2 protein chains.
Amino acid sequence: MILDSETKAVELPEDHGDEIRLWLRLLTCTTLIEGEVRGRLRERFDVTLPRFDLMAQLDKVPDGMTLSDVSKRMMVSNGNVTGLVERLVESGHLDRRTSDTDRRVQVIRLTKAGRAEFRRMAAEHQLWISDIFSDLSPKDVRELMRLLAKTKGSARKAAQKRALQA
Amino acid sequence: MILDSETKAVELPEDHGDEIRLWLRLLTCTTLIEGEVRGRLRERFDVTLPRFDLMAQLDKVPDGMTLSDVSKRMMVSNGNVTGLVERLVESGHLDRRTSDTDRRVQVIRLTKAGRAEFRRMAAEHQLWISDIFSDLSPKDVRELMRLLAKTKGSARKAAQKRALQA
DNA sequence: TTGCATTTGTTTAGGCTTCAAGCAATTGGC
DNA sequence: GCCAATTGCTTGAAGCCTAAACAAATGCAA
């Protein structure tokens, strides 16, 4: 920031290169790890990452969730969830029924077999993840958590701003 | 770490929960930002993120790249690039020709119009990104860069390890 | 109660993405 | 020179994903 002759704040043309580089590095990290996890899931369990993620959401709740809930939590579109659930019901991992109190609502939950299968996968998945992050010290992890939380907040704010003016 | 009666190192069952939470937060951040950027690219320029990314790779080099180069840099499959390039050639953004020295190789580059269009998009894109990261101080940015570099290295090492034993 | 906005989920069209298999051109070893 | 392995790219099948349009159910307000 610079003050001109009349002591008024003047913006210099800013350099946004750092943020771009940060974004690209963030994306690279995620892509790299995601690819690794996807590959291992396929190799070991012949399952896709989206299916694993969906099952992970459902494993956290005993009584199931609605499709909308899943859609929000996974940050994917409604139509996407519809298809994903379809295939998981087909394969016997999920159970689906219409809500008693609201006939628009579909409640899905893991079947017994689905839950067992997920737990099996999750146990290994956890080892992969800690292997992938194994070069980071506990302090690094804490610091990354903190900075990513801040990033998330910042991104949400920017998204909110756009959503309002649209 | 614990030392047993014979003074030999013994591992306790470790808690991998921190790494999982870190991974989920990393993924959330990326998904959030990616969605935001995709939305804006569509709104403002009616272009998809993969096309923008591909053009960004090509903008960096004056003489074009081969499909394999693009595939490696974007960390996506070969077949993916084939289709992406097809559509961008179709729309007049890209120019494609077979290499003189190796007839397997396809060299692609931005057309004049394609480059102009990309520069127009990139200018705004940069502003979006710095808006999205605007809550982070320069120090935060530096620290994130450092930790993500470390993460990238760690992930690559883990991926390497798996690739070797396969 | 009727009417209207909202919410929930499905469908459709188009595009992205991977993996696996395959073809063609090149390279390297003999 | 010949053949095997490698490299570069394409194709096909399956699945993932979005945006937009839609139908059904709900809820609220006049």
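No experiment lies behind these values; they were computed from the predicted model shown. Just so it is clear: chains get the letters A, B, ... in the order the sequence lines come, proteins before strands, and each one is counted from 1.
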Any [X] side-chain nitrogen or oxygen under 4.0 Å from OP1 or OP2 of [N]:
X       : N      : answer
B/Arg38 : C/dC16 : no
B/Arg51 : C/dC16 : yes
A/Thr48 : D/dC16 : yes
B/Arg87 : C/dC16 : yes

Note to self: If you count every heavy atom of other residues, nucleotides or ligands that lies below 6.0 Å from B/Arg73 atom CZ, does the total exceed 12?
What the structure shows: no
Between [options], spot the one nearest the side chain of [X], thanks.
X        : options                : answer
A/Asn80  : D/dC17, C/dC16, C/dA25 : D/dC17
A/Asp102 : D/dC17, D/dT26, C/dT11 : D/dT26
A/Asn78  : C/dT18, D/dC16, C/dG9  : C/dG9
B/Ser68  : C/dT11, D/dG8, C/dA25  : D/dG8
A/Arg96  : C/dC16, C/dA25, C/dG9  : C/dG9
A/Arg42  : C/dA20, C/dG9, D/dC16  : C/dA20
A/Leu84  : C/dT10, D/dT26, D/dC16 : D/dC16
A/Val105 : D/dT18, C/dG9, C/dT18  : C/dG9
A/Ser77  : C/dA25, D/dT10, D/dT18 : D/dT18

| request: Start with the C-alpha distance between B/Glu90 and B/Arg87, add both sets of side-chain angles, then the distance that settles salt bridge (Lys or Arg N to Asp or Glu O under 4.0 Å), and finish with yes or no. | output: CA-CA 5 Å; B/Glu90 174 74 21; B/Arg87 288 182 287 269; over 6 Å; no
Any chance the side chains of B/Thr66 and B/Ser68 put a donor and an acceptor closer than 3.5 Å?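 Not at all, the side chains of B/Thr66 and B/Ser68 share no donor-acceptor pair under 3.5 Å.
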[X] [atom1] - [N] [atom2] separation (whole Å):
X        : N      : atom1 : atom2 : answer
B/Leu41  : D/dT18 : CG    : C1'   : 14 Å
B/Asp46  : C/dG15 : CG    : P     : 11 Å
B/Met75  : C/dC16 : CE    : P     : 18 Å
B/Leu49  : C/dT17 : CG    : C1'   : 13 Å
B/Arg40  : D/dT18 : CZ    : P     : 18 Å
B/Gln106 : C/dA25 : CD    : P     : 12 Å
B/Ile108 : D/dT10 : CD1   : C1'   : 14 Å
A/Met55  : D/dC16 : CE    : P     : 13 Å

Problem - Under 3.5 Å donor-acceptor pair, A/Arg104 side-chain atoms to D/dT26 base atoms - result: no
A/Asp135 and B/Ser154 have their tightest heavy-atom pair at N-OG, 3.0 Å
- request: Answer with base, sugar-phosphate or nothing: what part of the nucleic acid does A/Thr31 contact at a heavy-atom distance below 4.0 Å?
  value: nothing
For a quick check of understanding: with a heavy-atom distance under 4.0 Å over all strands, which category does B/Thr66 fall into, base, sugar-phosphate or nothing?
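Sugar-phosphate contact only - B/Thr66 comes under 4.0 Å of backbone atoms but never of a base.
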Judged by each residue's nearest nucleotide on DNA chain D, which is more toward the 5′ side, B/Gly83 or A/Val76?
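Between the two, 5'-proximity favours B/Gly83.
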| task | Name the residue closer to the 5' end of DNA chain C, choosing between B/Gly79 and B/Thr101 according to the nucleotide with the nearest heavy atom. | result |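 Its nearest nucleotide lies further toward 5', so the answer is B/Gly79.
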Checklist line | Side-chain (B/Arg109) to main-chain (B/Pro62) donor-acceptor, under 3.5 angstrom | finding: no
Atom pair CG/NE2 of A/Leu110 and A/His93 - distance to nearest 0.5 Å
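Result: 9.0 Å between the selected atoms.
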